[in-house]
Amino acid sequence: MAAQSYDVIVIGAGPGGYVAAIRAAQLGLKTCVVEREHLGGICLNWGCIPTKALLRSSEVFHLMERAKDFGLKAENIGYDLNAVVKRSRGVAKQLSSGIGHLMKKNKIDVVMGEASLPAKGKVSVKTDKGTQDLTAKHIVLATGARARELPGLEADGDLVWTYKHALDPVRMPKKLLVIGSGAIGIEFASFYNTLGAETTVVEVMDRVLPVEDAEISAFAKKSFVKQGMKIMEKAMVKKLDKGKGKVTAHIEVGGKVEKHDFDTVISAVGIVGNVEGLGLEELGVKVDRTHVVTDEYCRTGVDGLYAIGDIAGAPWLAHKASHEGVMVAELIAGKHAHPVKPESIAGCTYCQPQVASVGYTEAKAKELGYDIKVGRFPFIGNGKAIALGEAEGMVKTIFDAKTGELLGAHMVGAEVTELIQGYVVGRQLETTEEDLMNTVFPHPTLSEMMHESVLDAFDRVIHI
């Protein structure tokens, strides 16, 4: 049987993949998506969305415990972990089903199976019904990534979990060890700690949330410790000894190895790209530490072959992948495509308190040689934050002293993952401090702190 021919084949239906396919179809290109597991990829099914559903439940639980602070009464507060997880899985299923609808609406063919690239412009898919051959002038790799597993710390789904196990737990941990304090690790630490697990976080770097601004990391750490977490920085889990119902972790800190017992371990030590079995090396695609090497337009160097999202390297964020998907589709269609600028992509961590940032940290800006002005504004100085009962947090902004360019913005506190977009738009529009200072922010809102932080950087702050 002759191979089915397309203008564009997208391998992988995560946020980058399905967005690339939809945009390609909108531009009149005959498009096919190949997916081996589930539409929506990790993000919708096992990542961004279900974790936020879990965290929302723990946030509501936390607020219920604080009912007295708001003049309310709530007695015998508790939770049903199975029901919390069921809600999370339901949210994920609803959104994943929506992707199927979008594929039909845009007349995109979907082939479920495992893809490989036997030759340039060709895709072979192993399906339940056998092998299906496809061809396309343009192929987009969007195969994503999976949890990294370190030797001796492998997950078993019982005592040692990856993020997938943590999203659908076999039990509520009593004494939990989280290895890694990046976004994934600290979000699960926050969720289980709020529900009552005695939680320890081990981070090999010198601070938690190591990609964030040092001042924000320090603020977040104080809050985590206040909530009862134990934070071990500049520490490494060397070995896990599994016993009956418990794990003994050998943790090296300060040159000495300590032994600590836990009933559950979550390993969140990064990700590896899904590059195996595709036939990339035979095609001449360069792979560096499990990630495909591309240029700023996501081109692999092999004519007609692109790589987007997690497989193409950091930052490993769904919104970065989606934007790359749009860019590649428009490039293929001959439109004027805009390359993604990593330094203008916001990072959001949905722990308690939330953390969000865009652009350069203070240390990075200095390292790059900028003469900087830094502004800060605390949540305690904001009326809306106090009214919400969320007076813990801060907004920090960094400007080029010479040009007024907004170099970076960093936040910790309630709803900062929503607030950060204001600064993202500002950077995209090449906004200066004067533009931001002359903007009228609505009152009473948390966004007023964004204004005040800018004012503070130039010695014009009003409310502190």
Side-chain angles (χ1 to χ4, degrees), residues 4-45 47-49 95-112 115 117 121 123 125 134-145 273-274 278 292 294-313 315-342 344-346 421 424-425 428-429:
Q4 182 75 37
S5 181
Y6 295 91
D7 296 316
V8 180
I9 296 174
V10 181
I11 302 176
Y18 78 73
V19 168
I22 290 171
R23 186 62 184 130
Q26 288 175 343
L27 292 167
L29 300 171
K30 186 181 180 183
T31 306
C32 175
V33 166
V34 179
E35 171 56 50
R36 70 178 179 184
E37 290 184 82
H38 29 231
L39 296 177
I42 292 296
C43 179
L44 265 65
N45 293 278
C48 319
I49 299 303
L95 288 168
S96 181
S97 300
I99 302 303
H101 168 72
L102 290 173
M103 296 296 103
K104 290 178 183 177
K105 176 186 173 184
N106 289 280
K107 298 180 174 57
I108 298 166
D109 289 348
V110 176
V111 178
M112 299 302 295
L117 305 175
V123 178
V125 188
L134 312 170
T135 65
K137 187 176 179 182
H138 303 279
I139 297 172
V140 181
L141 299 174
T143 53
N274 293 322
L278 290 167
V292 174
T294 67
D295 67 7
E296 61 180 342
Y297 289 99
C298 295
R299 294 175 294 208
T300 65
V302 174
D303 189 37
L305 185 62
Y306 310 81
I308 64 174
D310 288 356
I311 193 178
W316 296 294
L317 301 167
H319 43 288
K320 173 251 195 185
S322 296
H323 202 82
E324 287 177 338
V326 170
M327 177 192 70
V328 165
E330 293 182 349
L331 190 67
I332 290 170
K335 303 293 183 182
H336 180 62
H338 296 272
V340 177
K341 298 177 181 177
S344 290
I345 298 174
Q421 185 61 17
V424 174
V425 171
Q428 183 66 25
L429 298 179

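Quick caveat: nothing in here was measured; it's all calculated off a predicted structure.
Other residues, nucleotides and ligands contribute only 12 or fewer heavy atoms inside 6.0 Å of the CD atom of Q428. Residue-environment remark: NZ (K137) stays at or below the threshold of 12 foreign heavy atoms within 6.0 Å. Atom CG of D303 sits in a sparse spot, with 12 or fewer heavy atoms from other residues, nucleotides or ligands closer than 6.0 Å.
Scanning all heavy atoms of the two residues, the minimum distance from V33 to G12 falls at CG1-O, 4.4 Å. In terms of heavy atoms, V424 sits closest to A346 at CG2-CB, 3.6 Å. Of all heavy-atom pairs between N274 and A145, the closest is ND2-N, 3.4 Å. When every heavy atom of I308 is checked against every heavy atom of G325, the shortest pair comes out as CD1-CA, 3.7 Å. D295 approaches R299 most closely through the heavy-atom pair OD2-NE, 2.8 Å. What you find for M112 and R36 is that their closest heavy atoms are CE-C, 4.5 Å.
Of the inter-residue distances, the one linking T31 atom OG1 with K107 atom NZ reads 12.5 Å to the nearest 0.5 angstrom. Taken from CD1 in I11 to CD in E35, the straight-line distance is 11.0 Å, to the nearest 0.5 Å. One finds the OH atom of Y6 at 6.0 Å from the CG atom of L134 (value rounded to the nearest 0.5 Å). Annotation: the span from I108 atom CD1 to N106 atom CG amounts to 4.5 Å, rounded to 0.5 Å. In this structure, OG1 in T135 is found 10.0 Å from CG in D7, a value given to the nearest 0.5 Å. Rounded to the nearest 0.5 angstrom, H338 NE2 and Y297 OH are separated by 8.5 Å.
Of the residues listed (I99, V110, L39), the one engaging Y18 in a side chain to side chain contact (heavy atoms under 4.5 Å, CB included) is I99, and it is the only one.
Of the possible polar contacts, one joining the K320 side chain to the G309 backbone as a donor-acceptor pair under 3.5 Å is found. Judged by distance alone, the side chain of S96 and the main-chain N or O of G40 form no donor-acceptor pair under 3.5 Å.
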Carefully, step by step, assess Q4 and C32 under the rule side chain to side chain contact (heavy atoms under 4.5 Å, CB included).
CA-CA 10 Å; Q4 182 75 37; C32 175; over 6 Å; no

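No side-chain heavy atom of V123 sits under 4.5 Å from any side-chain heavy atom of V111. Between V34 and V10, the closest side-chain pair of non-hydrogen atoms is not below 4.5 Å. H336 places none of its side-chain heavy atoms less than 4.5 Å from the side chain of L331.
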